[in-house]
A.B. asks: 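First the structure, which I've put down as structure tokens, then a few questions once you've had a look.
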Amino acid sequence: LIDAAAVQALAGAAEVAATTLTIPHPYADGVAEAWIEQHARASDARALAVFAVIRSDHVLVGAMSLRLESIHHRAELGYWIGVPFWRRGYATEAARAIVGFGFDDLGVNRIYATHFTRNPASGRVMQKIGMTFEGCLRQHVRKNGRFEDLARYAILADDEPARLLRHNAIADTS
Ligand SMILES: CC(C)(COP(=O)(O)OP(=O)(O)OC[C@H]1O[C@@H](n2cnc3c(N)ncnc32)[C@H](O)[C@@H]1OP(=O)(O)O)[C@@H](O)C(=O)NCCC(=O)NCCS
């Protein structure tokens, strides 16, 4: 069971909201509960797979999601890690696992992700799990009144790094 208070404390940080598109800031009471509850319903519809990233000592460190677009056998990867847990390799390790899950268990053909170009840490995660840079989406979104560029990455089931992930091997492609 995921603790809504822990979600609120981590996802409510300004640093996490700054480089994501759907996390509200300020993060009001009740939002974490609604977020958790919404996943149960979306998962039932097989539209969204959200995983808590939990350390071996049971501490919640972040979340990873795959949003399914089943017509195209494709999914969009999204994630955040709580600020106290940054730069320890958690995003990379968890992203590898969920991408392997997407190919092996959900049977998708393509997994893509985008990050703000001003957020190179997320780009590093995408590179490290073997995604390929596909281009810059210039001023694709408007956040806090500013148009911002996004970088798009993707990995296909047939890509070599995906084969390694699918066999549950740890492929360090950096
Ligand atoms: C982006 C984010 C998920 C990275 O999580 P993390 O667990 O710190 O990432 P990792 O520890 O796996 O590090 C991955 C790589 O990014 C690098 N990195 C991490 N933070 C960085 C930073 N602030 N600036 C530059 N590089 C950074 C790491 O050094 C590592 O690369 P390396 O192995 O070549 O050194 C995390 O910073 C975060 O949640 N940010 C806020 C929300 C967000 O941006 N989500 C992604 C939206 S697309």
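The structure displayed is predicted, hence computed values, not measured ones. Values below: every heavy atom of this structure, side chains too, minus hydrogens, waters and symmetry copies.
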A.B. asks: So, taking the atom named CZ in Phe116 and the one named OG in Ser122, what distance separates them when rounded to the nearest 0.5 Å?
C.D. replies: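 Rounded to the nearest 0.5 Å, the CZ-OG separation comes out at 10.5 Å.
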A.B. asks: Quickly, which of Arg138, His140, Arg118, Arg142 forms a side chain to side chain donor-acceptor pair (under 3.5 Å) with Glu148? Name it, please.
C.D. replies: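 By the side chain to side chain donor-acceptor pair (under 3.5 Å) criterion, Glu148 pairs with just one of Arg138, His140, Arg118, Arg142: Arg118.
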A.B. asks: Measure the spacing between OG1 of Thr92 and CD of Gln127 and express it to the nearest 0.5 Å.
C.D. replies: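 Here the rounded value is 10.5 Å.
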A.B. asks: Taking Asp158's backbone N and O only, do any of them form a donor-acceptor pair with Arg163's side chain (distance below 3.5 Å, no angle check)?
C.D. replies: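 Judged by distance alone, yes, a pair lies under 3.5 Å.
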A.B. asks: I'd like to know if the side chain of His39 reaches the main chain of Trp35, judged simply by a donor and an acceptor atom lying under 3.5 Å from each other, with no hydrogens or angles considered.
C.D. replies: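 Looks like yes, one N/O pair under 3.5 Å.
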A.B. asks: Can Thr114 and Leu21 be said to form a side chain to side chain contact (heavy atoms under 4.5 Å, CB included), step by step?
C.D. replies: CA-CA 10 Å; Thr114 53; Leu21 277 172; 5.8 Å; no
A.B. asks: Is any side-chain heavy atom of Arg74 closer than 4.5 Å to one of Val108?
C.D. replies: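 No, every pair of side-chain atoms sits at 4.5 Å or beyond.
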A.B. asks: Answer with yes or no whether the hydrophobic clustering places Val16 together with Val59; edges join I, L, V, M, F, W, Y residues whose side-chain heavy atoms lie under 4.5 Å apart.
C.D. replies: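 Val16 clusters together with Val59.
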A.B. asks: How are the rings of Phe51 and Phe101 set to each other: parallel, tilted or perpendicular (split at 30° and 60°)?
C.D. replies: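 Rings of Phe51 and Phe101: perpendicular, as their planes differ by over 60°.
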A.B. asks: Take Leu66 and Leu106 through the side chain to side chain contact (heavy atoms under 4.5 Å, CB included) test and state the conclusion after the steps.
C.D. replies: CA-CA 10 Å; Leu66 283 180; Leu106 301 179; 3.9 Å; yes
A.B. asks: So which atom in Ile155 and which in Gly130 form the shortest heavy-atom distance, rounded to 0.1 Å?
C.D. replies: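 Result for this residue pair: CD1-O, 3.7 Å.
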A.B. asks: Can any side-chain N or O of Trp86 pair as donor or acceptor with the backbone N or O of Ile81 at less than 3.5 Å?
C.D. replies: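 It does hold such a pair.
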A.B. asks: With the side chain counted from C-beta on, respond yes when Phe85 and Val53 share a heavy-atom pair under 4.5 Å apart, and no when they do not.
C.D. replies: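 Answer no - side chains too far apart.
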A.B. asks: Please list, chain by chain and in numerical order, all residues satisfying side-chain hydrogen bond (donor to acceptor under 3.5 Å, both in side chains) with Arg110, sequence neighbours excluded.
C.D. replies: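 Testing Arg110 for side-chain hydrogen bond (donor to acceptor under 3.5 Å, both in side chains), a comparison that skips the adjacent residues, returns Glu134.
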A.B. asks: To check you understand the geometry: which heavy-atom pair defines the closest contact between Ala17 and Pro24, and what is its length?
C.D. replies: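 Reported closest heavy-atom pair: CB-O, 4.5 Å.
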A.B. asks: Verify the cluster assignment for Tyr112 and Val141: are they in a single hydrophobic cluster under the rule of side-chain heavy atoms below 4.5 Å apart?
C.D. replies: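 No; tracing contacts between hydrophobic side chains, which count when under 4.5 Å, never links both residues.
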A.B. asks: So do Ile129 and Leu77 actually touch side chain to side chain, heavy atoms under 4.5 Å?
C.D. replies: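 Leu77 reaches Ile129 side chain to side chain.
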A.B. asks: At what distance, to the nearest 0.5 angstrom, does CD1 of Ile98 lie from CZ of Phe103?
C.D. replies: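 Answer for the CD1-CZ pair, Ile98 versus Phe103, is 11.5 Å.
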A.B. asks: Pairing donors with acceptors under 3.5 angstrom, does anything connect the side chains of Asp149 and Gln139?
C.D. replies: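 No donor-acceptor contact under 3.5 Å links the two side chains.
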A.B. asks: Nearest 0.5 angstrom please: Cys136 SG to Arg152 CZ, how far?
C.D. replies: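 Cys136 atom SG to Arg152 atom CZ measures 11.0 Å (nearest 0.5 Å).
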A.B. asks: Short question: side chain of His25, backbone of Gly12 - any donor-acceptor pair under 3.5 Å?
C.D. replies: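 A pair under 3.5 Å: yes.
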A.B. asks: Between Asp159 and Pro161 (side chain of the first, backbone of the second, donor and acceptor by atom type, cut-off under 3.5 Å), is there such a pair?
C.D. replies: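 Answer holds: no.
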A.B. asks: Following the transitive rule for hydrophobic clusters with a side-chain heavy-atom cut-off under 4.5 Å over Ile, Leu, Val, Met, Phe, Trp and Tyr, establish whether Leu150 and Tyr153 coincide in one cluster.
C.D. replies: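 Unlinked, Leu150 and Tyr153 end up in two clusters.
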A.B. asks: Is the shortest side-chain N to carboxylate O distance from Glu93 to Arg96 below 4.0 Å?
C.D. replies: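 No, Glu93 and Arg96 are not salt-bridged.
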A.B. asks: Go through the side-chain N and O atoms of Arg41 and Gln38 and say whether any donor and acceptor fall under 3.5 Å apart.
C.D. replies: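 Checked: Arg41/Gln38 side chains show no N/O donor-acceptor pair below 3.5 Å.
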A.B. asks: Would you say that Phe133 contacts Met126 through its side chain, given a criterion of any heavy-atom pair below 4.5 Å between the two side chains?
C.D. replies: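 They are not in side-chain contact.
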A.B. asks: To the nearest 0.5 Å, what is the distance between NZ (Lys143) and CZ (Arg146)?
C.D. replies: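 Rounded to the nearest 0.5 Å, the NZ-CZ separation comes to 10.5 Å.
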A.B. asks: Going by heavy atoms in the side chains, are Met64 and Tyr90 under 4.5 Å from each other?
C.D. replies: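 Answer no - side chains too far apart.
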A.B. asks: Using the rule given for side chain to side chain contact (heavy atoms under 4.5 Å, CB included), can you reason through Leu10 versus Val83, listing the C-alpha separation, both sets of side-chain angles and the distance that settles it, and then say yes or no?
C.D. replies: CA-CA 7 Å; Leu10 297 179; Val83 178; over 6 Å; no
A.B. asks: For residues Leu68 and Leu48, determine if any side-chain heavy atom of one lies less than 4.5 Å from a side-chain heavy atom of the other.
C.D. replies: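 Contact flag for Leu68/Leu48 side chains = no.
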A.B. asks: Check whether any side-chain heavy atom of Val7 lies under 4.5 Å from a side-chain heavy atom of Tyr27, and answer yes or no.
C.D. replies: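 Sidechains of Tyr27 and Val7: in contact.
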A.B. asks: Please round to the nearest 0.5 Å and tell me the distance separating atom CG of Leu156 and atom OG1 of Thr132.
C.D. replies: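 Nearest 0.5 Å value for the CG-OG1 distance: 7.5 Å.
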A.B. asks: Got Leu60 and Asp3 here, is their nearest side-chain heavy-atom distance under 4.5 Å?
C.D. replies: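 No; the side chains remain at least 4.5 Å from each other.
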A.B. asks: Ala162 and Ala157: which non-hydrogen atoms are nearest, and at how many Å?
C.D. replies: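 Closest pair (atom of Ala162, atom of Ala157, distance): CB-O, 3.6 Å.
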